[in-house]
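Right, one structure below, let's go through it.
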Amino acid sequence: MKSLVTQVAIIGAGPSGLLLGQLLARQGIETIIVERVSPEYVLGRIRAGILEQGFVDLVREAGVAQRMESEGEVHDGFEIAVDGQRTHIDLKRLTGGRTVLCYGQTEITRDLMEARSESQLVTYYESSAVELHGLQSEKPWVTFKCRGVSHRLDCDYIAGCDGFHGVSRQTIPASARKEYEKIYPFGWLGLLSETPPVSEELVYCKSERGFALASRRSRTRSRYYLQVPLTDKVEDWSDEAFWDELKRRLPADAAEQLVTGPSLEKSIAPLRSFVCEPMQYGKLFLVGDAAHIVPPTGAKGLNLAASDVAILFQLLKRAYRDGDVACVARYSEIALRRVWHAERFSWWMSSLLHDFDACQVNDMDSEIASRFTASELDYYLNHEEGQAVIANQYAGLPHESII
Ligand code: APR
Ligand code: PHB
């Protein structure tokens with residue numbers, strides 16, 4: 001057994017774990033990351049890339065913002081199209097100057113990984129049998145196997161940044177946590193292509209045939225999504241079938257301009273709302289997808305992960321720098337307030353824009369429910385104050401200083 005010691009053990013090298021590690025390193029706080037898969041596998045995951053100002057500020061504080069700032073696109077607004085009728089949501093005007101940055105999660109993860117290896121910070125990739133121990137004691141520890149060698153990592157705290165399927169949340173005894181979950185009766189089929197995007201801004205489309213999203217990665221790379229039944233398999237969808245269906249769901253003028261091409265990647269993701277309360281247990285803190293999942297409609301997943309990171313980072317800094325070790329007990333309470341805001345907004349955006357028959361939150365029959373939804377959309381899209389409600393939540397609540 002090889003013995004290791006650090007201050008904060010981080011489980012998972014996704015965006016949450018890597019960002020936390022980078023921020024702590026800049027404060028002289030040591031971390032070791034233990035990750036189940038290889039760096040290439042982590043970077044192979046295609047995920048959303050709409051960054052709120054709070055996220056951008058945090059990446060700057062971590063000293064990793066250079067490429068993001070030169071290659072990311074500032075978006076002043078986005079569109080919502082309902083049955084072909086397009087409404088522009090002017091984020092900048094409606095929020096008093098806030099915008100979002102369009103920069104893929106894969107890219108930000110790559111930047112964080114590179115920064116970590118340049119600073120020679122330790123990451124154990126391709127680790128198995130990861131187990132957490134002594135969470136209620138003064139000195140917790142992690143055991144894992146890497147390249148055939150068993151390791152024991154002693155630490156002060158453990159940050160569980162290991163995503164929805166990770167080991168951290170499962171280590172908390174079931175009697176000490178409550179989980180809230182809603183699984184939606186459809187998924188998103190995503191397609192990435194080296195084609196010029198159909199629009200400068202994102203277009204969220206509600207149509208009779210279901211939801212579609214026109215997103216982008218750059219001037220030459222597009223990302224599109226279609227709402228599909230959960231029973232569909234990615235093999236059921238040829239590229240041609242995807243493009244045909246997308247054209248039918250986009251507003252007519254956008255459909256006419258759509259440039260199609262071979263897919264670089266195509267996958268189906270289920271939609272889920274999920275929260276684990278509390279987000280901590282003794283010396284273990286759950287961060288990002290390990291603690292909560294949102295449906296992608298509000299582009300909140302990555303931003304919410306970053307707000308957990310910001311809160312935990314501030315508390316750990318205070319514990320190490322000022323000796324205020326008691327403050328870390330407040331992590332879950334502070335983080336959950338923001339989590340529930342983002343959960344509610346993501347659920348609401350999803351329920352307004354999808355074909356939601358099977359997902360009614362009450363037992364209204366679907367005809368009257370769809371009339372109510374149409375009227376709600378009319379109110380939010382065609383009144384200034386309604387648009388402002390959407391814009392302020394989409395652009396994200398500011399990260400408050402908790403110190
Ligand atoms: N041990 C070590 N690492 C693990 C384990 C384990 N038992 N289980 C999972 N992991 C790793 C995964 O391989 C993954 O690299 O933890 C990492 C978790 O990364 P993400 O799932 O990307 O979660 P997070 O870093 O919180 O990022 C949140 O990702 O899913 C999106 O919408 C979400 O954009 C948000 C962001
Ligand atoms: C994406 O570009 O992948 C994306 C953008 C916005 C969303 C979801 C996904 O709401």
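What's counted below: heavy atoms across the whole structure, side chains too, no hydrogens, waters or symmetry copies. Remember, it's a predicted structure, so these values are computed and weren't measured experimentally. Atoms within a ligand are numbered from 1 in the order they appear, just like the ligands themselves.
Under the 4.0 angstrom criterion for non-hydrogen atoms, Arg45 is in contact with ligand 1.
The contact set between ligand 1 and Gly166, taken as ligand atoms under 4.0 Å from a residue heavy atom, comprises 8 (N). Residue Gly288 approaches ligand 1 through these ligand atoms, each under 4.0 Å from one of its heavy atoms: 26 (O). Atoms of ligand 1 lying under 4.0 Å from any heavy atom of Arg47, numbered from 1 in the order shown and given with element: 20 (P), 21 (O), 22 (O), 29 (O), 30 (O), 31 (C). Within ligand 1, the atoms closer than 4.0 Å to a non-hydrogen atom of Gly14 are 15 (O), 17 (C), 19 (O), 25 (O), numbered from 1 in the order shown. Less than 4.0 angstrom separates some heavy atom of Cys161 from each of these atoms of ligand 1: 16 (O), 17 (C), 18 (C). For ligand 1, the atoms lying closer than 4.0 Å to a non-hydrogen atom of Val37 are 13 (O). Here is the list of ligand 1 atoms found below 4.0 Å of a heavy atom in Gly163: 18 (C), 21 (O), 23 (O). Applying the 4.0 Å criterion to heavy atoms of Ile11 picks out, from ligand 1, the atoms 1 (N), 2 (C).
The side chain of Val130, and not its backbone, has at least one atom closer than 4.0 Å to an atom of ligand 1 (non-hydrogen atoms only; side chain from C-beta on). Only the side chain of Val42 comes within contact range of ligand 1, with a heavy atom under 4.0 Å; no backbone atom does. At a heavy-atom cutoff of 4.0 Å, ligand 1 is contacted by no atom of Leu304, backbone or side chain.
Under the rule for a salt bridge (Lys or Arg N to Asp or Glu O under 4.0 Å), the partners of Lys139 that lie at least two apart in sequence or sit in another chain are Asp156. Evaluation of the salt bridge (Lys or Arg N to Asp or Glu O under 4.0 Å) rule for Lys266 yields Asp239 as partners, not counting sequence neighbours.
Protein heavy atom at the shortest distance from atom 17 (C) of ligand 1 is Glu35 OE1, 3.6 Å. Nearest protein heavy-atom contact of atom 30 (O) of ligand 1 is Asp289 OD2, 2.4 Å. Here the protein heavy atom with the shortest distance to atom 25 (O) of ligand 1 is Ser16 N, 3.0 Å.
With respect to Arg93 and Glu384, a salt bridge is recorded, a charged nitrogen being found less than 4.0 Å from a carboxylate O.
For ligand 1, none of its N or O atoms has an N or O atom of His165 under 3.5 Å away.
Sorted by chain then number, the residues whose non-hydrogen atoms approach ligand 2 to under 4.0 Å are Ala48, Ile50, Trp188, Leu202, Tyr204, Leu213, Ser215, Arg217, Arg223, Tyr225, Pro296, Thr297, Ala299.
For the salt bridge (Lys or Arg N to Asp or Glu O under 4.0 Å) condition, the pairs that include at least one residue of residues 47-63, sequence neighbours left out, are Glu52-Lys300, Glu52-Arg338, Asp57-Arg60, Arg60-Glu69.
Between Leu189 and the options Trp237, Tyr225, Tyr224, a side-chain contact (heavy atoms from CB on, under 4.5 Å) holds for only Trp237.
Other residues, nucleotides and ligands place more than 12 heavy atoms under 6.0 Å from the CD atom of Gln136. Sparse packing is recorded around CD of Glu208, with 12 or fewer heavy atoms of other residues, nucleotides or ligands lying under 6.0 Å away.
Considering all non-hydrogen atoms of both residues, His399 and Ala306 come closest at CE1-O, 4.1 Å.
Counting only heavy atoms from C-beta outward, the side chains of Glu73 and Glu201 never approach each other to under 4.5 Å.
Using a distance-only test at 3.5 Å, with no hydrogens or angles considered, a donor-acceptor pair links the side chain of Ser218 to the main chain of Arg221.
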